[in-house]
Amino acid sequence: MRNIGNLTIIALVILNIVVWLVFPPVYDGDPNFLRRYAGEVIGSNNIVLMACSLFLSTRPKWAEKYFGGLDKMYITHRHTGTAALLLIFVHVLTVPISTTGWRLGNYLAVIAFAGIVSIALITLAPRIPFLSRLAGSDYDDWKKLKRWIGIFFILAFFHSLTLGDHALDARTAITWTMIFFIIGTVSYLYTEIFGGIFKKFLPYKVEAVKHPNNSSTEVTLRAKKKPIKKQRAGQFLFVRFPGDKALNESHPFTISSAPAEEVLRLTIKASGNFTRELFATLREDTDAVIEGAYGMFDYKTGGQKQIWIAGGIGLTPFLSFIRDMDGGLAHDVDFYYTVRHPEEALFLDEIRDADERNPRLKTHIRFSATEGSLTIDHILKKIHGDVKDYHVYLCGPLPMIQAFEKKFLALGLPKGQIHFEEFNFR
Ligand SMILES: Cc1cc2nc3c(=O)[nH]c(=O)nc-3n(C[C@H](O)[C@H](O)[C@H](O)COP(=O)(O)OP(=O)(O)OC[C@H]3O[C@@H](n4cnc5c(N)ncnc54)[C@H](O)[C@@H]3O)c2cc1C
């Protein structure tokens, strides 16, 4: 079920190629006909991939189950965007480009190419070592820049219609590609303009603000009217505080309280502009607006034997799991919580208390600055039987998630038994 979304996108790309092969453009005697034709097929795949990417940006809640959660949809959004970027280069290298007699379509192509490539590179930069300085640190600036992608998408499609008659010779195939142009454009307009009318934004009020340590904030929120639809433990929401200009940006945070609680609790680490501002200035009685809940990071759907690994603020979904337990945990769980120093560790008393009340929960807390980093060997020493019988749940810094995922895969654990929540949508 969780792979249906990705498989659908691959199927659409293949179907698009088939449509272009079955309904080719009419041969007009041009010696460059084949190159032009190949370029059009590649260009149309660009439109398909970008349309899928724009569609995923609309955060369709109903589609979460086909991708494994909204965070995984964002990973697919990134992958389709990256694939489209690579295809743009292939498209440019394939189509014959003349230096004379340029039409409107050629100019549109240059603008779309420059716009899409710049935004895509700035988006991917944090993940590419030699480009990471290009990335800038502010997510909000990047989000504002990324808003332009839809305009370049529209220009890219219009470039194919305004190159001259030959691009229109494949009428059936162009009509088919137009469906994706419409899907992409409507998705873009929904995300940027009229989505707010349809999305459920729920009004809440900040009931309490606490600072469990000198870099984190626990925010308690109470619904002013209808509360958020009963969520599963470990899900996340988007929150903003409209009364405060600096805090009126929608950011994702895990609901660290249990679903049965009347209030929602968020545990937020001060890591960038928004979260530092929130740490310094958020006060009781501030209005909040919530959207959600999203996510499918849910240990209850996993096997009997489980390993949970939380790094730093990656504790929050596990905190929700722990708060949801009533002493009757139905799985055998080895829970590793690792932070650098004891003063960074959050809610240790609560975690230890849950450990005592739930005989099947074994917690292992590790302070990496003094005890060294948590390694796969530490984990393997504590497991009972074959590691392949375990389901692993990971949340924390991306390098930690990637390193453990690699190690578990190398030990033969199937990919489907490794579950992770990525605290990053970029
Ligand atoms: C599913 C999910 C659950 C999360 N749960 C928690 C949690 O429980 N506690 C916690 O402290 N943090 C959590 N985060 C991370 C939190 O959203 C970011 O730390 C926060 O948004 C950073 O914003 P900033 O302006 O302070 O930092 P910046 O320096 O501007 O951003 C740091 C990084 O955070 C990410 N980010 C920033 N703003 C957003 C945004 N609006 N939408 C998506 N990603 C963004 C980007 O990758 C960015 O590069 C979660 C993130 C995700 C995706």
Side-chain angles (χ1 to χ4, degrees), residues 9 12-13 15-21 23-57 77 80-124 145-193:
I9 294 174
L12 287 174
V13 170
L15 189 59
N16 179 58
I17 296 172
V18 171
V19 169
W20 276 84
L21 291 178
F23 302 101
V26 181
Y27 179 61
D28 56 2
D30 179 354
N32 281 322
F33 175 80
L34 268 183
R35 277 185 66 189
R36 233 176 49 209
Y37 179 19
E40 282 163 15
V41 177
I42 295 164
S44 66
N45 271 328
N46 254 311
I47 299 291
V48 172
L49 287 169
M50 284 189 72
C52 292
S53 199
L54 289 166
F55 170 74
L56 293 176
S57 296
H77 162 80
T80 46
T82 310
L85 174 71
L86 296 177
L87 278 188
I88 286 179
F89 285 105
V90 181
H91 171 72
V92 169
L93 292 173
T94 310
V95 286
I97 302 172
S98 78
T99 46
T100 56
W102 271 36
R103 297 165 188 260
L104 174 65
N106 298 96
Y107 295 103
L108 292 180
V110 173
I111 300 170
F113 177 81
I116 293 171
V117 170
S118 319
I119 294 175
L121 286 180
I122 292 171
T123 303
L124 295 175
L145 179 73
K146 202 171 164 246
R147 284 201 175 132
W148 289 89
I149 199 88
I151 304 289
F152 296 119
F153 167 76
I154 293 167
L155 293 184
F157 183 72
F158 277 111
H159 119 85
S160 66
L161 299 183
T162 50
L163 269 178
D165 291 341
H166 60 77
L168 295 174
D169 285 346
R171 281 187 190 281
T172 309
I174 285 270
T175 308
W176 156 261
T177 307
M178 204 175 283
I179 296 173
F180 292 91
F181 168 70
I182 293 167
I183 293 173
T185 307
V186 172
S187 301
Y188 174 62
L189 295 175
Y190 179 86
T191 305
E192 299 302 337
I193 301 169

Quick one: [atom1] on [X] to [atom2] on [Y], what's the gap to the nearest 0.5 Å?
| X | Y | atom1 | atom2 | value |
| --- | --- | --- | --- | --- |
| Thr80 | Leu54 | OG1 | CG | 8.5 Å |
| Leu15 | Trp176 | CG | CH2 | 4.0 Å |
| Asn45 | Thr177 | CG | OG1 | 8.5 Å |
| Ile151 | Tyr188 | CD1 | OH | 4.0 Å |
| Leu155 | Ile111 | CG | CD1 | 6.0 Å |
| Leu49 | Thr82 | CG | OG1 | 10.0 Å |

Counting N and O atoms only, with roles assigned by atom type, does the side chain of Ser118 sit under 3.5 Å from a partner on the main chain of Ala114, one being a donor and the other an acceptor? yes
Look at the side chain of Tyr37 and the backbone N and O of Val26, then say whether any donor-acceptor pair between them is shorter than 3.5 Å. no
Should Phe180 and Met50 count as side-chain neighbours, where that means a heavy-atom distance under 4.5 Å?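 They are not in contact (no side-chain heavy atoms under 4.5 Å apart), so the answer is no.
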pair Arg36-Pro96: side-chain heavy atoms closer than 4.5 Å: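 The answer is yes; the side chains approach within 4.5 Å.
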Suppose we screen for ring-ring contact (aromatic ring centres under 6.0 Å, His included). Which residues come up paired with Phe152, at least two apart in sequence or across chains? none
Atom of [X], atom of [Y] and distance for their closest heavy-atom approach:
| X | Y | result |
| --- | --- | --- |
| Gly39 | His91 | O-ND1, 2.8 Å |
| Cys52 | Leu12 | SG-CD1, 4.2 Å |
| Phe23 | Ala170 | O-CB, 3.9 Å |
| His159 | Ala109 | ND1-CB, 3.3 Å |

In Ile179, Val186, Thr185, the residue satisfying side-chain contact (heavy atoms from CB on, under 4.5 Å) with Ile182 is Val186
Could you label the plane-to-plane angle of the Phe89 and Phe113 rings as parallel, tilted or perpendicular, counting under 30° as parallel and over 60° as perpendicular?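 It falls in the perpendicular class, over 60°.
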